[in-house]
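Data block below; observations after.
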Amino acid sequence: MTILESRPTPSGARAEAPSAPASDVRAWVDQVAALTQPDAVVWCDGSDRERHELTQVLLDEGKLIRLNGEYRPGSYLARSDPDDVARVESRTFICSQDRDDAGPTNNWVDPAEMKAELTDRFAGSMRGRTLYVVPFSMGPVGGRLSKLGVQLTDSAYVVLSMYIMTRVGAAPLELIEAGEPWVKALHSVGAPLIDEAGIRHPDVEWPCNPDKYIAHFPETREIWSFGSGYGGNALLGKKSFALRIASVIARDEGWLAEHMLLIKLTSPVGRTFHLAAAFPSACGKTNLAMLRSTLPGWKVETLGDDIAWLRQGEDGRLWAINPENGFFGVAPGTGESTNPNAIETIWGNTIFTNAALTDDGDVWWEGMTDTAPLHLTDWQGADWTPGLGRPAAHPNARFTVPAAQCPSIADDWEAHDGVPIDAIIFGGRRATNVPLVLEARDWEHGVFLGATIASEQTAAAEGAVGALRRDPFAMLPFCGYNMADYWAHWVSVGERLGDKAPKIFQVNWFRKGADGRYLWPGFGDNIRVLEWIAARLEGTDASAEAAVDGPLGVVPAEGALDVSGLGLTETDLDELFAVDPTAWQAEADLTEEFFAGFGDRVPAELQTQLAELRARLAAAAGTAE
Ligand SMILES: Nc1nc2c(ncn2[C@@H]2O[C@H](COP(=O)(O)OP(=O)(O)OP(=O)(O)O)[C@@H](O)[C@H]2O)c(=O)[nH]1
Ligand SMILES: O=C([O-])CC(=O)C(=O)O
Ligand SMILES: [Mn+2]
């Protein structure tokens, strides 16, 4: 075997394990090193010293640009390969033993076949590079809902990002050593520096491979990611572990791993509510998680912005944690007027990817300020001036920043037991049909709302931006097993929670008028919708008066939603809540077709919900005539 763990690269980062690692971790590292043939193996301890050394390596290699410390201390810009800017859903695989366990919404390859193919791809893939061993915890180390993993990667950018997004170091490794279960997460950018003939080639700014594989082995709780350095494909604690693998563990153990933000909402009289909300990628989770209220007295505090793990507690209620340690947020559209808390969060210690660079060494993106600087270096390193007709930042440019820096972070965001959930909200990006807010009639209706979410596609994944697609529970790209089984799992969780189950709501900030403009101001004014949700959660006489039944669900009664001072016309308001029975019968037909794709695995409860929706729509159409 190649000599490993001998060369103290980079610049003296520890080449020995922080403590004797679990023999099965060591055995796996040895096996991967033998296959991928790195120059060195470095066991990461998550220390500041190591972080500085890795940063220096990336700066020296030209893979990071140091931003002007006056504006953005401790912050860096990375520019990706133009073909490695988003999640690659077409190359993401769920390799369960049985094809039906992956279901029709996932790409499936037989696990043995995939491992054989990937073993070929990983062979020698780290030649000339360093293999980093990154032990991490998703959730606070040792927390009741937390889980452990080890990522092996040949990208220092990925290691630095994992330091921000997860809890890395000796503490998680100790738990693994003590025998706790852990997830194997193997990653290579797939760009060896030494070729078969032994010749060393120069490195590039963003090494990656045109052939990408984001492969998951749910039965053995393993992830093999090859060819990409982009966050959602390469920071394996995030989508790969905390959603795809965790959703399978959750199914087996009776809990939920969800693409959800988490917030604490406090009313003017000091009542607090904990809400979890699932919106598809780039549909407003980070923004809602950091909402700054435009209504006096109301306050939103941030617990998480992307992923939640929810489990029934001893009191019978549903409790949730945010398993992440940082935010990997969409930059474009993030500005002082839309998300001031995010702007304050990224004051420093932030890695920006694919943002534009200002002439004085800061970052910029569309929507950061009202007017663009007169000159920029765009995300691909080219000169940029306003009016060129192309954006300066990539539409999926991202910031990676510690959650603790968020001014609205809740005191108890790292509570080991999490927080008790009062309401779950589903949403999507819909220019038509879907009202601003409605409440599910009960848990099963809520599961139906979640299961039938459709949303316009965004730049967070490859594909046609704007195309409408079904994205059940905002989990289409993230569910590690058959989506219909996942719906059945949700139904069963509701049965177990009984009358302690959170209430379920649906929102849509993105409805447009005939003239193409958003009907709803959104952002800080979304508090008005949360206020109505809170009123419904109180369970008082006033709660009952705040709502009326509609064909799609329970909606605000006349005057129950505070729209004062927004300057909405009567027509705007009507359009925000309009339900066109004909358009909805067509949606119901599409839902039937969508369900049919899952055969008889669709839970009967959802078929019943569809029939009931149709009956209510028919009744509404009858009244309208
Ligand atoms: N019109 C409107 N746009 C919004 C609103 N909330 C968010 N957006 C925009 O939607 C885009 C994505 O918002 P994010 O909050 O980053 O979305 P996300 O769900 O956290 O995205 P991921 O990190 O990909 O999961 C940004 O450009 C926002 O400015 C809103 O209430 N109204
Ligand atoms: O995973 C990513 O690349 C970013 C993200 O949060 C999403 O797409 O939902
Ligand atoms: Mn996301």
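Throughout, numbering of the chain's residues begins at 1 and tracks the sequence. Both counts, for ligands and for their atoms, begin at 1 and track the order of listing.
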Quiz item: P521: heavy atom below 4.0 Å from ligand 1, yes or no?
Solution: no
Quiz item: Between K239 and ligand 1, is there a nitrogen or oxygen pair with a distance under 3.5 Å?
Solution: no
Exercise. Could you pull out the closest heavy-atom pair between N107 and S90, with the gap in Å?
Key: ND2-O, 3.5 Å
Quiz item: Based purely on interatomic distance, does C283 place a nitrogen or oxygen under 3.5 Å from a nitrogen or oxygen of ligand 1?
Solution: yes
Quiz prompt | ligand 1-proximal atoms of W520, by part, heavy-atom distance under 4.0 Å | solution = neither
Quiz item: What atoms of ligand 2 come closer than 4.0 angstrom to any heavy atom of H259?
Solution: 9 (O)
Quiz item: G329 near ligand 1, heavy-atom distance under 4.0 Å?
Solution: no
Practice problem: Would you mind telling me which of F478, Y486, F279 makes a ring pair (Phe, Tyr, Trp, His ring centres under 6.0 Å) with F473? | Solution: Y486
Quiz item: Would T350 and I164 satisfy side-chain contact (heavy atoms from CB on, under 4.5 Å), going step by step from the backbone distance to the final call?
Solution: CA-CA 9 Å; T350 305; I164 296 175; over 6 Å; no
Practice problem: Find all atoms of ligand 2 within a distance of less than 4.0 Å from any non-hydrogen atom belonging to D306, and give their numbers and elements. | Solution: 6 (O)
Quiz item: Of the backbone atoms (N, CA, C, O) and the side-chain heavy atoms from C-beta on, which set of D306 has a member under 4.0 Å from an atom of ligand 1: side chain, backbone, both, or neither?
Solution: side chain
Quiz item: So, are R429 and D471 salt-bridged, with charged N and O less than 4.0 Å apart?
Solution: no
Self-check item: Residues R167 and E414 bridged, charged N to O under 4.0 Å
Solution: yes
Quiz item: Taking all non-hydrogen atoms of both residues, which atom of I343 and which atom of G335 are closest, and how far apart?
Solution: CG1-C, 3.6 Å
Exercise. Verify side-chain hydrogen bond (donor to acceptor under 3.5 Å, both in side chains) between N354 and W365, making sure each step is shown before the conclusion.
Key: CA-CA 9 Å; N354 291 337; W365 47 74; over 6 Å; no
Self-check item: Numbered atoms of ligand 2 (with element) below 4.0 Å of A460, judged on heavy atoms
Solution: 8 (O)
Quiz item: What atoms of ligand 2 come within less than 4.0 Å of a heavy atom belonging to F328?
Solution: 2 (C), 3 (O), 4 (C)
Practice problem: Would you please determine whether K285 falls within less than 4.0 Å of ligand 2 on a heavy-atom basis? | Solution: no
Quiz item: Which one holds for T458 and ligand 1: side chain close, backbone close, both close, or neither close, with close meaning a heavy atom under 4.0 Å?
Solution: neither
Quiz item: If you measure from atom 9 (O) of ligand 2 to every heavy atom of S281, S240, G231, A461, which option wins on shortest distance?
Solution: S281
Quiz item: Which is the closest N/O/S atom of D306 when seen from the Mn ion (ligand 3)?
Solution: OD1
Practice problem: Please name the pair of heavy atoms, one in R311 and one in W255, separated by the smallest distance, quoted to 0.1 Å. | Solution: NH2-NE1, 3.1 Å
Quiz item: Can you check whether N287 has an N/O within less than 3.5 Å of an N/O in ligand 1?
Solution: yes
Quiz item: Do you know which of S225, S96, S240 makes side chain to side chain donor-acceptor pair (under 3.5 Å) with H216?
Solution: S240
Quiz prompt | Among A282, P332, A277, closest by any non-hydrogen atom to atom 24 (O) of ligand 1 | solution = A282
Quiz prompt | Presence of salt bridge, R511 and E575, under 4.0 angstrom | solution = no
Quiz prompt | Contact atoms of ligand 1, heavy-atom distance to G333 under 4.0 Å | solution = 27 (O), 29 (O)
Exercise. Give yes if a backbone or side-chain nitrogen or oxygen of K238 is under 3.5 Å from a nitrogen or oxygen of ligand 2, and no if not.
Key: no
Practice problem: Over 60° means perpendicular and under 30° means parallel, so classify the ring planes of W224 and F217, tilted if in between. | Solution: perpendicular
Quiz item: With a cut-off of 4.0 Å, which atoms of ligand 2 are near a heavy atom of F478?
Solution: 9 (O)
Practice problem: Pick one of side chain, backbone, both or neither for how E366 approaches ligand 1, counting any non-hydrogen atom pair under 4.0 Å. | Solution: neither
Quiz item: Can you check side-chain contact (heavy atoms from CB on, under 4.5 Å) on M483 and N106, steps first, answer last?
Solution: CA-CA 9 Å; M483 185 62 80; N106 283 312; over 6 Å; no
Quiz item: Of all heavy-atom pairs between L436 and L561, which one has the smallest distance, and what is that distance?
Solution: CD2-CD2, 3.8 Å
Exercise. Pick one of side chain, backbone, both or neither for how F279 approaches ligand 2, counting any non-hydrogen atom pair under 4.0 Å.
Key: neither
Quiz item: Please state the angle at the Mn ion (ligand 3) spanned by NE2 of H259 and NZ of K239: what is it, rounded to 10 degrees?
Solution: 80°
Quiz item: So, S281 versus R87: side-chain donor-acceptor pair below 3.5 Å or not?
Solution: yes
Quiz item: Counting from 1, what ligand 1 atoms have a heavy atom of H259 closer than 4.0 Å?
Solution: 25 (O)
Quiz item: Is the shortest N/O to N/O distance between K239 and ligand 2 below 3.5 Å?
Solution: yes
Quiz item: Do D154 and S188 have side-chain N/O donor and acceptor atoms under 3.5 Å apart?
Solution: yes
Self-check item: Test side-chain hydrogen bond (donor to acceptor under 3.5 Å, both in side chains) applied to T358 and Y71, step by step
Solution: CA-CA 11 Å; T358 67; Y71 309 124; over 6 Å; no
Self-check item: Where ligand 1 meets R429 - atom numbers and elements under 4.0 angstrom, heavy-atom basis
Solution: 10 (O), 11 (C)
Exercise. Would you kindly specify which portion of F523 sits under 4.0 Å from ligand 1, judged on non-hydrogen atoms: side chain, backbone, both or neither?
Key: both
Quiz prompt | Heavy atom of the protein closest to atom 17 (O) of ligand 1 (residue, atom name, distance) | solution = G284 N, 2.9 Å
Quiz item: Which ligand 1 atoms does P280 reach within 4.0 Å, using its non-hydrogen atoms?
Solution: 19 (O)
Self-check item: Lys NZ or Arg CZ of R91 over Y213 ring: under 6.0 Å, within 45°
Solution: yes
Self-check item: Stepwise side-chain contact (heavy atoms from CB on, under 4.5 Å) test for E366 and W364
Solution: CA-CA 7 Å; E366 281 64 27; W364 190 85; 3.5 Å; yes
Quiz item: Please state which protein non-hydrogen atom is closest to atom 3 (O) of ligand 2 and give its distance, to 0.1 Å?
Solution: Y230 OH, 2.7 Å
Quiz item: What atoms of ligand 1 come closer than 4.0 angstrom to any heavy atom of K285?
Solution: 15 (O), 17 (O), 18 (P), 19 (O), 20 (O), 21 (O), 22 (P), 25 (O)
Quiz prompt | atom 23 (O) of ligand 1: nearest protein contact (heavy atom, Å) | solution = R398 NH1, 2.8 Å
